[in-house]
Structures are given as structure tokens and as C-alpha cells.
Amino acid sequence: MFVNKKTDDLDLNNIPAHIAFIMDGNGRWAKKRKMPRTYGHHEGTKTIRTLALEANRLGVKAMTVYAFSTENFKREASEVEYIFKLPKEFFDLYLKELVENNVQIRYIGHLELAPQETRNIITDAVARTSQNTGLILTFAFIYGGRDEIVQTTKKICEKYKNGEIELDDITEDYFEQQLMTGDLPPVDLMIRSSGEYRLSNFLLWQLTYAEFVFDDTLWPDFDEAELHRCIRIYQGRERRFGGVLK
Ligand code: IPE
Ligand code: IPE
Ligand code: MG
């Protein structure tokens with residue numbers, strides 16, 4: 001398939017610093033091909049690699065991908081088990097290349113709820129890339145936006161209880177820094193694939209002023225050209241942050 005790698009029409013001075021993806025449509029992609037849903041998840045991991053390399057090339061600082069929600073445990077055990085095997089498949093195939101491209105891997109979410117092998121694979125990728133200074137690729141894995149806010153609140157209460165902070169230290173900025181995404185730049189652009197128009201409990205605090213682009217492409221078909229298209233839409237938006245543009 002022809003891939004538009006041209007970026008002449010993108011304003012390289014206005015690339016979103018942080019792009020968050022709700023990677024959706026793997027199951028429907030597989031169903032269309034009369035294949036099991038798991039095949040769609042397998043194919044979807046290739047899209048993460050493609051987009052991470054391209055985002056890195058464009059100078060995006062952070063890319064956060066929603067890989068498994070706290071609600072996804074409602075799915076069949078066999079599908080959940082398959083998804084938990086994907087980090088191994090992904091890092092076995094692509095970690096070397098991501099390291100060569102200076103990509104840093106992180107995760108947010110309840111990794112402790114994943115099988116030991118999955119945890120080891122992810123923590124190993126995080127450790128091996130922690131000094132890298134290129135794109136920060138964060139996997140939201142067993143992640144829920146509401147849960148993150150509750151966990152952060154508990155963490156802050158603990159610090160207050162221990163006398164580490166005063167009540168008045170708890171400001172919006174402070175709260176934001178304590179989130180799992182604490183040191184990442186604000187999310188500029190949120191992209192959801194597959195034509196669904198909802199957040200499904202993703203980055204609820206962080207998306208406050210993000211630009212939203214909903215794309216009909218099913219995740220395994222999402223490629224560089226789609227990414228460019230979404231960034232072009234972003235670049236055409238007027239961001240006001242509550243103010244009035246002169
Ligand atoms: C997204 O694809 C991947 C995960 C939620 C893990 P889906 O599995 O939700 O695919 P659809 O929405 O059923 O097509
Ligand atoms: C959101 O997709 C979660 C991930 C992409 C990991 P879902 O497919 O689970 O969301 P709903 O169920 O359509 O809201
Ligand atoms: Mg879905």
C-alpha cells in the first residue's frame with residue numbers, strides 16, 4: 001500500500017508535543033476478515049511500532065497509547081490472556097529498533113494485575129530505555145482515568161498525613177504533577193480510531209484542553225498517512241484555552 005511519508009504539508013513548528021491514542025477497532029478489523037478478534041490485536045501492535053517511529057521522526061515528545069482499560073477485564077478470559085501476551089510479542093520484535101531510535105518506554109496503570117511474565121517484559125523494556133531521550137512511548141495498560149484520579153488523591157492524602165505537604169500545597173499544578181503522567185507535556189492531540197466517539201475512561205484529567213480527532217480507520221489499518229491527516233486537522237484548529245484570540 002502506498003504510504004504518504006511526505007511531511008511537506010505539515011507545519012513542523014506546530015507538531016503536537018503529546019499525542020494520545022485510543023487504539024480501537026481491532027476486533028471489527030478481524031471480524032471483517034472472518035478471523036478471531038485476537039488476530040486484530042496481533043495486527044494492531046504493528047501500528048504502534050509504525051506510529052511511534054513516525055511520531056519520533058516528526059519530533060513528537062510523548063505518545064501515550066491506550067492498550068488495556070480497567071473495564072476490558074469484562075471480556076472473555078481467552079481474549080484478555082491473549083492481550084497480556086502482546087507486550088512480549090511487541091518488544092521481542094521491536095524493542096531493538098525502538099532503542100536504536102532513542103525511544104523511551106513507560107507504562108501507566110495497574111501492571112501488578114498482569115501475569116508475572118508480562119510484568120517482567122514491560123519493566124525490562126522500561127529499564128532498558130530509561131536513559132533514552134527521544135519519543136516517550138507510554139502504554140496505558142490496565143489503566144482507567146477515574147482510577148488514576150482516585151490513586152493520585154490517595155497518594156496526596158498519604159503525603160499530607162505524613163506531614164510532607166500542607167493543605168494549601170494541593171493546587172491544580174501539584175495534582176497534575178502527581179498523576180501517573182506527571183512529568184509528560186500536556187496532551188495536545190487525542191486520536192481515537194474506528195469511528196467511536198467517546199473517551200472510555202482514558203486520561204480524564206489530561207484531556208481537559210486536548211484537541212480531539214475521531215478517525216474512522218480501524219486501528220490495524222491506521223498508518224503514517226492517517227497520522228499526518230490527524231496532525232493536519234490539529235494544525236487547522238484554533239486553540240483558545242478559554243481566552244479570546246486577537
Ligand atoms: C481495541 O480494539 C483494543 C482493546 C480495547 C484492547 P477492540 O478490541 O476494542 O476492537 P473493537 O472495538 O471490538 O472492534
Ligand atoms: C477503549 O476501547 C479501551 C482501549 C482502547 C484499550 P474499548 O473498545 O474497550 O471501549 P468501549 O467499550 O467501546 O467504550
Ligand atoms: Mg473497541
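First listed ligand is number 1; within each ligand, the first listed atom is number 1. Computed from a predicted model, the values in this text were never measured in an experiment.
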Among all the protein's heavy atoms, is there at least one whose distance to atom 2 (O) of ligand 2 comes out below 4.0 Å? yes
Any S194 heavy atom less than 4.0 Å to ligand 1: no
Does any N/O atom on W29 come nearer than 3.5 Å to any N/O atom on ligand 1? no
Should the pair K32-D221 be classified as a salt bridge under the 4.0 Å nitrogen-to-oxygen rule? no
Any chain of hydrophobic side-chain contacts (each under 4.5 Å) joining V103 to I108? no
Only heavy atoms of R75, strictly under 4.0 Å: list the atoms of ligand 2 that pass. 7 (P), 8 (O), 9 (O)
Under 4.0 Å, heavy atoms only, figure out whether ligand 2 is touched by the backbone of K74, its side chain, both or neither. neither
Looking only at non-hydrogen atoms, the one of I22, N26, D24 nearest atom 8 (O) of ligand 2 is D24
Counting heavy atoms only, which part of F68 comes closer than 4.0 Å to ligand 2: side chain, backbone, both or neither? backbone
Short N-O contact, D215 and R229, less than 4.0 angstrom: yes
For the Mg ion (ligand 3), the closest N/O/S atom belonging to D24: OD1
Taking heavy atoms and a distance under 4.0 Å, where does L218 meet ligand 1: side chain, backbone, both or neither? neither
Can you tell me if Q235 uses its side chain to pair, donor with acceptor, with the backbone of N14 under 3.5 Å? yes
Less than 3.5 Å apart, which donor and acceptor atoms pair up between the side chains of residues 81-95 and the rest of the protein, not counting sequence neighbours?
from : atom 1 : to  : atom 2 : distance (Å)
K88  : NZ     : D92 : OD2    : 2.7
E89  : OE2    : H42 : ND1    : 2.5

Do any N/O atoms on A67 end up under 3.5 angstrom from N/O atoms on ligand 1? no
Who's the nearest protein heavy-atom neighbour of atom 10 (O) of ligand 1, and how far? G27 N, 2.9 Å
Does the N72 side chain pair with the main chain of S69, one donor and one acceptor, at a distance under 3.5 Å? yes
So, does R192 use its side chain to make a donor-acceptor pair with the main chain of R198 at under 3.5 Å? yes
Which of the atoms in ligand 2, numbered in the order shown and given with their element, are less than 4.0 Å from a heavy-atom of S200? 1 (C), 10 (O), 11 (P), 14 (O)
Report, in ascending order of atom number, the atoms of ligand 2 lying under 4.0 Å from any heavy atom of R198. 11 (P), 13 (O), 14 (O)
Using a strict threshold of under 4.0 Å (side-chain N to carboxylate O), is an ion pair present between E158 and K154? no
Taking both backbone and side-chain atoms of N72, is any N or O found less than 3.5 Å from an N or O belonging to ligand 1? no
With heavy atoms only and a cut-off of under 4.0 Å, state how K31 meets ligand 1: side chain, backbone, both or neither. neither
Using a distance threshold of 2.8 Å, state whether an N, O or S atom of E196 lies below it from the Mg ion (ligand 3). no
Do the charged groups of R28 and E196 touch, with an N to O distance under 4.0 Å? yes
Polar proximity ligand 2 side, Y66 side, N/O cut 3.5 Å exclusive: no
Output the list of atoms in ligand 1 that are nearer than 4.0 Å to some heavy atom of I83, sorted by atom number. 6 (C)
Using modelled atom types and a 3.5 Å cut-off, is there a donor and acceptor pairing between side-chain atoms of K155 and backbone atoms of Q178? yes
Parallel under 30°, tilted from 30 to 60°, perpendicular over 60°: which one fits the rings of Y143 and Y66? perpendicular
Are more than 12 heavy atoms from other residues, nucleotides or ligands located less than 6.0 Å from atom OH of Y160? no
Going by the 4.0 angstrom heavy-atom rule, the piece of S69 near ligand 1 is neither
Linked, directly or transitively: V99 and Y107 (ILVMFWY side chains, under 4.5 Å): yes
Quick one: look at K32 and ligand 1, take heavy-atom pairs under 4.0 Å, and tell me if it's side chain, backbone, both or neither. neither
Please could you name the atoms of ligand 1 that R28 approaches to less than 4.0 Å, counting only its heavy atoms? 11 (P), 12 (O), 14 (O)
M23 heavy atoms, cut-off 4.0 Å: which ligand 1 atoms fall inside? 1 (C), 2 (O), 3 (C)
